[in-house]
Structures are given as C-alpha cells and as structure tokens.
Amino acid sequence: MQFRGTTGHDRFLRQITTVLIASIAVASRSSAQAPARVHFRLQAREAIESHLKSFSDKNREREALIRKWFAESGCSDANLSEQALDRKFPPNVICILPGETQEAIVIGAHTDKVESFGDGVIDNWTGAVLLPALFFSMSPSPTPRPRHHTFIFVGFSGEEKGLVGSRYYADHLTSAQRARIEAMVNFDSLGLGPTEVWASHADKVLLDALDVTAQMSKLPVSVMNPQNGATADSESFARYQIPRITLHSVTKQTWSILHSPSDKLTAVKMNEYYDSYKLIAEYLAYLDDSLKPPTAESKQGR
C-alpha cells in the first residue's frame, strides 16, 4: 500500500461488520440471484505457503518469480507478457485467461516493495503471490468451457513510487479496451488478519457481490477504510470510471507494520491468509457469473 507523505497512521475510519452490508443481506442475495454453485479450484495451501516463503528483497527478482509461477500455473507463452516501463522499474507482468467474450475483469496486485524497510512480505508479496494462484483457480479445468469474461491478471511494478505501473497500464489501454473492463479487483497487504475491504473506494455493485460471496463461503470480511493519504493501484482505474475494489487486511493496530522493519514473513497469519485466497477465488468466480448480461429467461422471471 502506498502512502502519500502522511504521518497519520493512527487515523482510520473502521466500521466492523459481521457481514459486509448486513442491513441489505437478504435483499442483496435475492436481487443478485446468486447461483447455487460457482465453479473454481484452489491451489494447495502448501504451494502458496512455499511461494510466500520464496520472497526476494529485490523488485526485479520478485517480478520474475511471479512470471515464473504464472507459467507453472498454466499461463501459456501466448498469454503471458511483460509491459516495459521506465528502465529504473521492472516491467508489469501480465497473464491473460481468455473467456467467451472480450468483456474483462482485471485482477491486480503490486509486486514491488518499499525500499530500505523490511522484507515487503505483507506489502505486497502476499498480494503478488495470489496472482498465479488465482489464475489457477479461474482456469477452465473445473468447468467444461471457458469463463464468460476474459480475466487479465497484472503484477504492477512501481506502486510504492506512486502507482507507476498501474497508471502506465491504465493510461496505455485504448478507449475500447477500457470500456470492456467491467471490474478491477485489487489486493494489497493481506495476511495480517481476516479480509478487509476499502469500502469508501469501491463500487456498490462490487461491494454487493462481495457480501453475497462472504455469505456463500461463510468466510469473514469487514470494512476498513484507510484514510489520510493512503492509496492503491485500484485508483489508477477509478480515474477512468472503471468499477474497482481493493481488498486488504490492515487494521488500526497493524498499520504500523507496513513500511517498517516488522514487515516480515513472521507477520503473516497463514490461516487468515489462505482464507483470504479462498474468499477471493470464490468472489472472482461469482463476479464472472453475476456480471453477465441478463438472459432472456432471467428477464422474463423479473
């Protein structure tokens, strides 16, 4: 997570909820017409934990590892690429999972760490490691056909220097490409505890879908809105009115771990981290279904 010169680490708005939007839980479940089952698969916890322990404190090595794990998860050479930035930054790494349509869901996490402080495991190796794992989760093996949406997984470079990689990626899309992005799901600084959502910087449709997913999965999620200068790669897409949401795990008590010598592997709570992975995998599968245009049959049923 990137700070813009703020020293107000203790100033937050925290709204704890047992479900994300309890007051509309029943209506949300009904109106969203949640499917009886969404299809996805999970990478073994042992594999994710092994990748998490393989962190590097060099940003170029971090990007290279994510690219390697994309390939090992089945992302073919034709769909795996790097997007070059300024020479002082590693490239963005991009893996595309083609769908039945060109309508897209972008999934992002930054691969870089802040210089000089800690190992950058929480911020944001925890997010980067999930990119290839989620490619594996969304790939078509559990279902007889591709997803409806094209999923675009991006490991962003240079987030800690001012959202450099995500701004470059969003700015270099064509107008037509931006128009086809129906959601941008970002995760940053997971594993400090249960999943949190930056609700004040998220679109309602995506929040409602997260609420439904939390109920289906029976996994916890609550609201934590970082304030006073914090930002994330999702904001590079908000500039173009692309619906976005950022998931994290930071609380008022754990905020000081970020950008400090305490940002180490020992800070990760593995049970909560793997729960976040499970929640996000189910969330992406649910978004693929819920963001489809309504069919003639579903229109008649209204």
Side-chain angles (χ1 to χ4, degrees), residues 1 38-59 61-75 80 93-95 97 105-113 118-142 147 151-156 159 185-197 210 213-214 217-221 233 246-250 254 257-258 263-287:
M1 198 167 287
V38 291
H39 297 276
F40 62 98
R41 57 181 177 167
L42 292 173
Q43 196 169 68
R45 172 173 165 158
E46 293 76 14
I48 290 179
E49 191 166 359
S50 174
H51 288 169
L52 199 64
K53 292 176 178 178
S54 300
F55 69 89
S56 170
D57 61 0
K58 297 178 175 60
N59 287 331
E61 291 179 359
R62 290 161 77 102
E63 184 274 335
L65 283 169
I66 299 305
R67 180 185 173 102
K68 173 178 178 286
W69 293 332
F70 269 133
E72 291 176 355
S73 295
C75 191
L80 183 58
V93 58
I94 303 168
C95 170
L97 180 62
I105 296 173
V106 175
I107 302 98
H110 71 89
T111 60
D112 64 312
K113 66 177 289 290
D119 294 327
V121 176
I122 296 294
D123 185 12
N124 183 37
W125 194 236
T126 53
V129 160
L130 291 192
L131 291 171
L134 289 164
F135 171 86
F136 174 87
S137 296
M138 295 299 104
S139 57
S141 294
R147 302 282 173 183
F151 281 82
I152 305 172
F153 298 86
V154 189
F156 295 116
E159 189 268 359
V185 181
N186 183 61
F187 25 95
D188 193 332
S189 304
L190 298 167
L192 289 171
T195 311
E196 309 276 355
V197 59
L210 183 62
T213 305
S217 66
K218 296 180 170 53
L219 290 168
V221 61
D233 285 315
T246 285
L247 303 177
H248 64 97
S249 70
V250 185
T254 59
I257 291 173
L258 306 189
D263 187 349
K264 295 181 176 294
L265 185 64
T266 52
V268 177
K269 297 179 179 178
M270 196 63 205
N271 288 338
E272 284 87 347
Y273 179 57
Y274 196 70
D275 278 350
S276 290
Y277 165 54
K278 291 189 289 185
L279 176 67
I280 295 168
E282 189 160 351
Y283 179 53
L284 295 181
Y286 177 70
L287 282 180

Does some side-chain heavy atom of Leu130 sit less than 4.5 Å from a side-chain heavy atom of Tyr273? yes
Are Leu210 and Thr195 close enough, and set up right, to give a side chain to side chain contact (heavy atoms under 4.5 Å, CB included), and what steps lead you there? CA-CA 11 Å; Leu210 183 62; Thr195 311; over 6 Å; no
Applying salt bridge (Lys or Arg N to Asp or Glu O under 4.0 Å), run through Arg67 and Glu63 and close with a yes or a no. CA-CA 6 Å; Arg67 180 185 173 102; Glu63 184 274 335; 5.4 Å; no
When rounded to the nearest 0.5 angstrom, what distance separates CD1 in Ile280 from OG1 in Thr213? 11.0 Å
Please give me the minimum heavy-atom distance between Pro132 and Ala128, naming the atom from each residue. CD-O, 3.4 Å
Phe40 side, atom CZ; Arg147 side, atom CZ - distance, nearest 0.5 Å: 9.0 Å
Before giving the answer on ring-ring contact (aromatic ring centres under 6.0 Å, His included), spell out for Tyr277 and Tyr274 the whole-Å C-alpha distance, their side-chain angles and the decisive distance to 0.1 Å. CA-CA 5 Å; Tyr277 165 54; Tyr274 196 70; 5.5 Å; yes
When you measure from the side chain of Lys113 to the backbone N and O of Gly118, does any donor-acceptor pair fall under 3.5 Å? yes
CD-OG distance between Glu49 and Ser54, expressed to the nearest 0.5 angstrom: 10.5 Å
Is there a side-chain contact between Val154 and Val106, using heavy atoms and a 4.5 Å cut-off? yes
Is the side chain of Thr254 donor-acceptor paired with the backbone N or O of Val250 at a distance under 3.5 Å, no angle test? no
Of His51, Lys53, Arg62, which meets side chain to side chain contact (heavy atoms under 4.5 Å, CB included) against Trp125? Arg62
May I ask you to decide if Ser189's main-chain N or O and Ser249's side chain share a donor-acceptor pair within less than 3.5 Å? yes
Any side-chain heavy-atom pair from Phe135 and Leu80 closer than 4.5 angstrom? no
Can you see which heavy atom on Ile107 is nearest to which on Leu131, and at what distance? O-CD2, 3.8 Å
Straight-line distance of Lys269 NZ to Ile122 CD1, nearest 0.5 Å: 10.0 Å
Residues Asn186 and Gly108: closest non-hydrogen pair is OD1-O, 3.0 Å
Evaluate side chain to side chain contact (heavy atoms under 4.5 Å, CB included) for Glu72 paired with Phe136, printing each intermediate quantity in order. CA-CA 9 Å; Glu72 291 176 355; Phe136 174 87; over 6 Å; no
Here the gap from Asp57 atom CG to Asn59 atom CG, rounded to the nearest 0.5 Å, amounts to 9.0 Å
Partner of Asp263 under side chain to side chain contact (heavy atoms under 4.5 Å, CB included), chosen from Val268, Leu192, Asp123, Asp119: Asp123
Quick check against the 3.5 Å criterion: does Ser73 have a side-chain atom that pairs as donor or acceptor with the backbone of Trp69? yes
Distance col, row Lys218:NZ vs Leu279:CG, nearest 0.5 angstrom, shows 13.0 Å
Are Leu134 and Phe151 close enough, and set up right, to give a side chain to side chain contact (heavy atoms under 4.5 Å, CB included), and what steps lead you there? CA-CA 10 Å; Leu134 289 164; Phe151 281 82; over 6 Å; no
Residue pair Arg41 / Ser139, side-chain heavy-atom distance below 4.5 Å: yes
One thing to verify: whether Glu282 and Lys278 come together as a salt bridge, which I'm taking to mean a side-chain N less than 4.0 angstrom from a carboxylate O. no
Leu42 and Ala281: which non-hydrogen atoms are nearest, and at how many Å? CD2-CB, 4.0 Å
So, the side chain of Asn124 versus the backbone of His110: is there a donor-acceptor pair under 3.5 Å, distance only? yes
Give the intermediate values and the outcome of side chain to side chain contact (heavy atoms under 4.5 Å, CB included) for residues Leu52 and Leu265. CA-CA 8 Å; Leu52 199 64; Leu265 185 64; 4.1 Å; yes
How close do Gly155 and Thr111 get, counting heavy atoms only, and between which atoms? CA-CG2, 3.8 Å
For a quick test of reading the model, state the closest non-hydrogen atom pair linking Ala267 to Ile257 and the distance between them. CB-CG2, 4.5 Å
